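Quick notes on the structure that follows.
Quick caveat: nothing in here was measured; it's all calculated off a predicted structure.
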Amino acid sequence: KIILFYPAAYYPHKKHEFLNSLNNYLKQNNIEFSNVEIWVTLGDNDFESLKSIKFLKNLGNLSSDQMNFFYKKANALLFLSSMESYGLPLIEAISINLPILTVDFNYSRSICEDSVYYFSPYSESSFFKAFEKLKMDLVLKIRPDYSTVLRKFYMCSQIIYNENFRYNHHLQQCSYT
């Protein structure tokens, strides 16, 4: 079974309703999807409108330790959000070399560059094309190459660290005068 993990609270920009669209598309086009499970992290009330979708499993609200556990059990991260300032699940997936299937937006390109499986925003057919490529790579045991992305994160973290060090050093000097 292929497991896609979508750790996101239920907000309109997280686009959980796209999962309903995918379900309808599957039915209309007789697409076999029984070997796939998408794990979501919603409260019971938020999951109510999605609970009839057979390929969904709701894990509920998770602690950090539980999140780490499920990241390691998943075959890929699914990320549907229409807008993000940072996209923490993308960073978390990259840090453990987990393949990512996500919507093609500027924020996701900025974070992930060309190292993930993109699909056109909320296009069911584009989603399934990207998913098929992911599925084939999983079968062939091809893992993503996040080396460029990780170097960029490392360089940014060094800049932030150095700036904070200079700022704190300056504050200390000012407090002694």
Side-chain angles (χ1 to χ4, degrees), residues 1-113 115-135 137-138 144 146 149 153:
K1 199 168 259 229
I2 295 174
I3 298 169
L4 304 177
F5 184 37
Y6 184 33
Y10 195 82
Y11 295 112
H13 71 281
K14 298 295 185 177
K15 301 297 186 187
H16 285 90
E17 71 273 4
F18 182 65
L19 298 169
N20 275 320
S21 299
L22 286 178
N23 190 46
N24 292 335
Y25 186 86
L26 287 169
K27 290 176 184 176
Q28 292 167 355
N29 294 282
N30 295 319
I31 296 172
E32 177 58 38
F33 209 59
S34 62
N35 64 335
V36 179
E37 196 167 72
I38 297 177
W39 294 347
V40 295
T41 58
L42 301 173
D44 290 337
N45 289 341
D46 293 328
F47 187 66
E48 191 66 31
S49 66
L50 303 170
K51 72 179 183 181
S52 65
I53 301 174
K54 291 181 179 165
F55 59 80
L56 287 186
K57 178 178 181 177
N58 187 25
L59 304 174
N61 297 318
L62 302 176
S63 69
S64 294
D65 287 340
Q66 290 170 317
M67 290 284 285
N68 289 333
F69 175 81
F70 288 112
Y71 270 116
K72 291 174 185 168
K73 293 288 183 190
N75 298 105
L77 174 75
L78 174 63
F79 205 65
L80 303 174
S81 185
S82 63
M83 63 179 170
E84 292 292 325
S85 58
Y86 193 62
L88 188 57
L90 296 171
I91 306 302
E92 292 168 335
I94 289 168
S95 73
I96 61 168
N97 205 44
L98 185 66
I100 299 169
L101 177 61
T102 190
V103 184
D104 193 354
F105 280 121
N106 287 340
Y107 80 84
S108 52
R109 287 270 176 194
S110 172
I111 294 169
C112 304
E113 298 181 352
S115 56
V116 302
Y117 304 87
Y118 289 107
F119 61 95
S120 298
Y122 316 114
S123 163
E124 295 86 356
S125 62
S126 179
F127 171 88
F128 284 107
K129 284 178 189 169
F131 175 76
E132 286 301 318
K133 172 124 178 61
L134 167 65
K135 188 167 78 171
D137 285 354
L138 289 171
Y146 294 131
V149 175
F153 291 157

Shortest non-hydrogen contact between Lys14 and Ala8, atoms and distance: CD-CB, 4.0 Å
Approximate separation, where rounding is to 0.5 Å, of Ile100 CD1 and Leu90 CG: 5.0 Å
Identified side-chain contact (heavy atoms from CB on, under 4.5 Å) counterpart of Val116 within the set Val149, Ile111, Thr102, Leu101: Thr102
Sequence neighbours excluded - salt bridge (Lys or Arg N to Asp or Glu O under 4.0 Å) pairs with any residue from residues 36-51: Glu48-Lys51
Heavy-atom closest pair, residues Pro99 and Tyr117: CB-CE1, 4.1 Å
Phe131: ring-ring contact (aromatic ring centres under 6.0 Å, His included) partners, not counting sequence neighbours: Phe33
Shortest non-hydrogen contact from Pro7 toward Met67: CB-CE, 3.3 Å
Results of side chain to side chain contact (heavy atoms under 4.5 Å, CB included) for Ser126 - residues two or more places apart only: Phe119, Ser120, Ser123
Thr41 side, atom OG1; Asn58 side, atom CG - distance, nearest 0.5 Å: 7.5 Å
Qualifying residues under side chain to side chain donor-acceptor pair (under 3.5 Å), relative to Lys15, sequence neighbours excluded: none
Student check: side-chain heavy atoms of Leu4 and Phe55 closer than 4.5 Å: no
Which residues share a salt bridge (Lys or Arg N to Asp or Glu O under 4.0 Å) with Lys133, sequence neighbours left out: Asp137
Atom pair CG (Leu42) and NE2 (His16), whose distance is rounded to the nearest 0.5 Å: 4.0 Å
Sub-4.5 Å side-chain heavy-atom contact between Leu62 and Trp39: no
Atom pairs and distances, donor-acceptor, side-chain atoms in residues 69-76, under 3.5 Å, two or more places apart:
unit_1	atom_1	unit_2	atom_2	d
Tyr71	OH	Glu92	OE1	2.5
Asn75	OD1	Ile3	N	2.7

For Ser64, all residues meeting side chain to side chain contact (heavy atoms under 4.5 Å, CB included), sequence neighbours excluded: none
Side-chain ion pair, Lys135 and Glu132, N-O less than 4.0 Å: yes
Side chain to side chain contact (heavy atoms under 4.5 Å, CB included) evaluation trace for Phe5 with Leu59: CA-CA 10 Å; Phe5 184 37; Leu59 304 174; 3.8 Å; yes
Leu56 side chain reached by Tyr6 side chain, heavy atoms, under 4.5 Å: no
Residues in side chain to side chain donor-acceptor pair (under 3.5 Å) contact with Ser108, at least two apart in sequence or another chain: none
Closest contact, heavy atoms only, Ser115 versus Cys112: OG-O, 2.6 Å
Partners passing side chain to side chain contact (heavy atoms under 4.5 Å, CB included) against Asp104 (at least two apart in sequence or in another chain): Arg109, Tyr118
Least distance between heavy atoms, Ser81 atom then Glu84 atom: OG-OE2, 2.6 Å
Neighbour count above 12 (heavy atom, 6.0 Å) for Asn35 CG: yes
Partners meeting side chain to side chain donor-acceptor pair (under 3.5 Å) with Ser63 (sequence neighbours left out): Gln66
Closest contact, heavy atoms only, Phe79 versus Pro89: CE1-CG, 3.5 Å
Counterpart residues, side chain to side chain donor-acceptor pair (under 3.5 Å), relative to Ser34 (two or more places apart): Glu32
Exercise answer: donor-acceptor pairs, residues 18-31 side-chain atoms, under 3.5 Å, sequence neighbours excluded:
unit_1	atom_1	unit_2	atom_2	d
Asn24	ND2	Asn20	O	3.4
Asn29	ND2	Tyr25	O	2.9

